[in-house]
Structures are given as structure tokens and as C-alpha cells.
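For reference, the structure is listed below as C-alpha cells.
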Amino acid sequence: MALKDKVILVTGGTSGIGEGCVRHFASLGAKVVIASNQREPGEALEEELRAAGQDAHFVFTDVSQEDSVQSMVARTLHFHGRIDGVHCNAGVWAKGKATEFNDAVWEKVMGVNVKSVLWTAKHVIPIMENQGQGVILITTSVAAQIGFPSHALYCASKAALEAIIRCLAVDHAGKVRVVGISPGTIDTPMLAATCEGWDKPVAELYADVARRIPVRRLGQPQDIAQAAAFLLSDEASYINATTIVLDGGTMALPPW
Ligand SMILES: NC(=O)c1ccc[n+]([C@@H]2O[C@H](COP(=O)([O-])OP(=O)(O)OC[C@H]3O[C@@H](n4cnc5c(N)ncnc54)[C@H](O)[C@@H]3O)[C@@H](O)[C@H]2O)c1
């Protein structure tokens with residue numbers, strides 16, 4: 001199995017896409033470290049996976065803070081002595097036009113979505129370079145490519161990640177492979193939160209969206225997890241400095 005015995009750290013691993021990835025990687029035999037700022041779900045997931053005979057540790061982390069990221073990386077190294085892959089997936093969503101912009105929303109969105117990835121890269125790359133190899137996988141979004149109404153900062157944060165992927169891959173070439181996954185509409189608590197304030201119940205909104213997506217359904221965390229496992233594996237060793245879109249064909253739709 002492609003991830004058997006690989007040490008994989010997943011940020012935002014207690015909900016939605018990250019939780020789906022943790023469950024899938026662990027089922028493939030990876031030694032999974034679950035990092036997030038949701039303590040109870042993290043401890044419960046660690047316990048559940050261990051009870052099933054899988055290898056999992058939860059590390060409470062605020063990825064927007066350097067000291068917390070440094071400790072997340074140090075604890076992963078302490079558990080396993082190496083880090084084969086990091087999936088930088090933690091993210092927050094915020095709605096708002098530039099006319100509603102303020103420092104607090106910048107700190108929240110850029111802190112969790114972008115600064116976190118730079119802190120993680122800063123602390124994990126020396127370990128991967130020392131090992132001679134490692135993979136950093138970053139969850140971006142189709143929002144990096146689309147002008148979603150009232151989402152300027154969220155879209156900008158995801159576009160920044162696509163630039164960071166290219167730059168990290170170039171700067172640390174030969175030892176660290178860096179790739180992105182760009183999900184479309186995935187059925188997670190974050191997606192449900194984006195439906196608040198609309199004039200229809202969530203189920204109806206989801207059905208409308210599913211009818212438009214070329215594969216005629218919303219994505220599930222497992223759809224992302226399967227691609228993520230491949231990208232983190234040695235089988236994807238020639239995929240580097242690029243972002244794979246996982247949107248069921250949404251980006252191919254005409255704009256009317
Ligand atoms: N759901 C979608 O349709 C969709 C589409 C495109 C991209 N994404 C991206 O996928 C990623 C996962 O989103 P999701 O839909 O699973 O959302 P989610 O809200 O279900 O999960 C987000 C996770 O990030 C963690 N997190 C948030 N702030 C954190 C912090 N400061 N420190 C540590 N962990 C923190 C949360 O605890 C949670 O585990 C995000 O980066 C999101 O932007 C989601």
C-alpha cells in the first residue's frame with residue numbers, strides 16, 4: 001500500500017476534508033498525526049483509530065502561531081523520528097467585500113490559510129532536507145481561480161497558496177516535493193456554514209449545486225482523500241510544483 005508506514009501530518013485533521021484524509025491515510029497503514037484546534041474531536045478521533053489498530057496521534061495546534069506549529073512538528077518527530085508528508089489543510093472561510101475589510105479579518109484568514117503554511121514549511125523543510133526527501137501537500141481551492149462574489153480575501157488567500165506551492169518546490173528542489181489540491185464543492189461543515197443566510201434550506205441548495213456540477217453530485221471528503229493519498233505517495237514522484245483540481249468538472253462550466 002502506497003502510504004504504508006509513512007509518517008503523515010495532517011493539519012485541520014478533525015473535520016471535513018482533513019478528517020476524511022486522516023481516516024483514509026490511516027486505513028492505508030500510514031502513521032498519522034492529526035493537528036487541529038478542535039481538542040475533543042481530535043482526542044476522540046485518535047482514540048477511535050487506535051482502537052481499530054491504526055497508528056494515530058492528536059496534537060492540539062493553532063496553525064496560525066509559530067510556536068504552536070514548531071511544537072506540532074517537534075512532537076511529530078518525537079513520536080516517529082521522521083516526517084514523510086505534511087498535508088497543510090487547515091483553513092477558515094470568511095465572507096466580505098473589500099469595503100468591509102479590516103485588520104481582524106486579515107489576521108484570521110491570512111493567518112490560518114497562508115501564514116500557517118509558511119510556518120509549517122519553515123519548520124518541516126529542514127527535517128525533510130535532512131532526511132533527503134519529503135512531500136508537502138497544500139489544500140487550496142477553486143476560489144484561487146474564480147471571482148466568488150463577496151469573497152475577496154478568501155480567494156486571495158487561496159491564490160497565495162498556489163504561488164507558495166511553486167516557490168517552495170523551486171527553492172527546495174530535489175529533496176522536497178510540493179503539490180496542491182484544489183477542491184470544488186465538498187460536503188463539509190465549512191460548506192454548510194457558507195449556506196447560512198441563503199433563502200433556501202441547505203439540502204435544497206446542495207441539490208441545486210449538485211445538478212450543475214458535471215458529475216452531478218457534491219464532492220465528499222473521501223474524493224479528496226484518495227487523490228491526496230496518491231499525491232503523498234512515491235507513485236506521484238514526478239508530480240511537483242503544481243495544483244490538481246478536484247471539482248467534478250465545475251471549472252469547465254460556461255459562465256452563464
Ligand atoms: N469544503 C469545501 O467545499 C472546500 C472547497 C475548497 C477548499 N476547501 C478547503 O479545504 C480545507 C478544509 O476545509 P473543510 O471544508 O474540511 O472545512 P472544516 O471547517 O470542516 O475543517 C477545517 C479544519 O481546519 C481546522 N482549523 C481551523 N483553524 C485552525 C487553526 N487556527 N489551527 C488549527 N486548525 C485549524 C479546524 O479545526 C478544522 O479541523 C480548507 O483549507 C478549505 O479552505 C474546502
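Counting starts at 1 for both ligands and their atoms, following the listed order.
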Can you report which non-hydrogen protein atom sits closest to [atom], along with the distance?
atom: atom 18 (P) of ligand 1; result: S15 OG, 3.5 Å
atom: atom 3 (O) of ligand 1; result: I186 N, 2.8 Å
atom: atom 22 (C) of ligand 1; result: G91 O, 3.8 Å
atom: atom 38 (C) of ligand 1; result: Q38 OE1, 3.5 Å
atom: atom 32 (N) of ligand 1; result: V63 N, 3.0 Å
atom: atom 15 (O) of ligand 1; result: T188 OG1, 2.5 Å
atom: atom 26 (N) of ligand 1; result: N37 OD1, 3.5 Å
atom: atom 17 (O) of ligand 1; result: M190 CB, 3.2 Å

Could you see which bit of [X] sits under 4.0 Å from ligand 1, with heavy atoms only: side chain, backbone, both or neither?
X: Y154; result: side chain
X: I17; result: both
X: E19; result: neither

Separation of [Y] [atom2] from [X] [atom1] (nearest 0.5 Å):
X: K158; Y: T140; atom1: NZ; atom2: OG1; value: 6.5 Å
X: I34; Y: T14; atom1: CD1; atom2: OG1; value: 8.5 Å
X: D171; Y: R166; atom1: CG; atom2: CZ; value: 13.0 Å
X: R82; Y: K6; atom1: CZ; atom2: NZ; value: 7.5 Å

> Hey, what else clusters with V7 if you join Ile, Leu, Val, Met, Phe, Trp, Tyr whenever side-chain heavy atoms sit under 4.5 Å?
Replying inline: none
> Which is closest to atom 11 (C) of ligand 1 by heavy-atom distance: L161, V142, N89, T14?
Replying inline: N89
> Of D187, T140, V209, which has the heavy atom at the shortest distance from atom 7 (C) of ligand 1?
Replying inline: T140
Same cluster (ILVMFWY, side-chain, under 4.5 Å), [X] and [Y]:
X: I186; Y: W93; value: no
X: L45; Y: V10; value: yes
X: Y206; Y: I213; value: yes

>> Applying salt bridge (Lys or Arg N to Asp or Glu O under 4.0 Å) to D84 and K31, what does each step give before you reach the verdict?
In response: CA-CA 10 Å; D84 298 298; K31 300 172 193 294; over 6 Å; no
Suppose I only count heavy atoms of [X] and a 4.0 Å limit; which atoms of ligand 1 are within that range?
X: V112; value: 28 (N), 29 (C), 31 (N)
X: A90; value: 24 (O), 26 (N), 34 (N), 35 (C), 41 (O)
X: P189; value: 20 (O)
X: D62; value: 30 (C), 31 (N), 32 (N)
X: T139; value: 9 (C), 10 (O), 11 (C)
X: G12; value: 23 (C), 24 (O), 25 (C), 39 (O)
X: T61; value: 32 (N), 33 (C)
X: T185; value: 3 (O)

> Does K158 reach ligand 1 with a nitrogen or oxygen that is under 3.5 Å from one of the ligand's nitrogen or oxygen atoms?
Replying inline: yes
>> Against ligand 1, does G184 come closer than 4.0 Å with any heavy atom?
In response: yes
> What do you reckon, does Q65 put a non-hydrogen atom under 4.0 Å from ligand 1?
Replying inline: no
> Can T250 and V142 be said to form a side-chain contact (heavy atoms from CB on, under 4.5 Å), step by step?
Replying inline: CA-CA 9 Å; T250 304; V142 293; 6.0 Å; no
> Distance-only, no hydrogens or angles: does the R212 side chain make a donor-acceptor pair with backbone N or O of L253 under 3.5 Å?
Replying inline: no
> Considering residues, nucleotides and ligands other than E129, do more than 12 of their heavy atoms fall under 6.0 Å from its CD?
Replying inline: yes
>> Counting neighbours of CG on D208 that are heavy atoms of other residues, nucleotides or ligands and sit closer than 6.0 Å, is the number greater than 12?
In response: yes
>> Can you classify the ring geometry of H80 versus H57 as parallel (below 30°), tilted (30 to 60°) or perpendicular (above 60°)?
In response: perpendicular
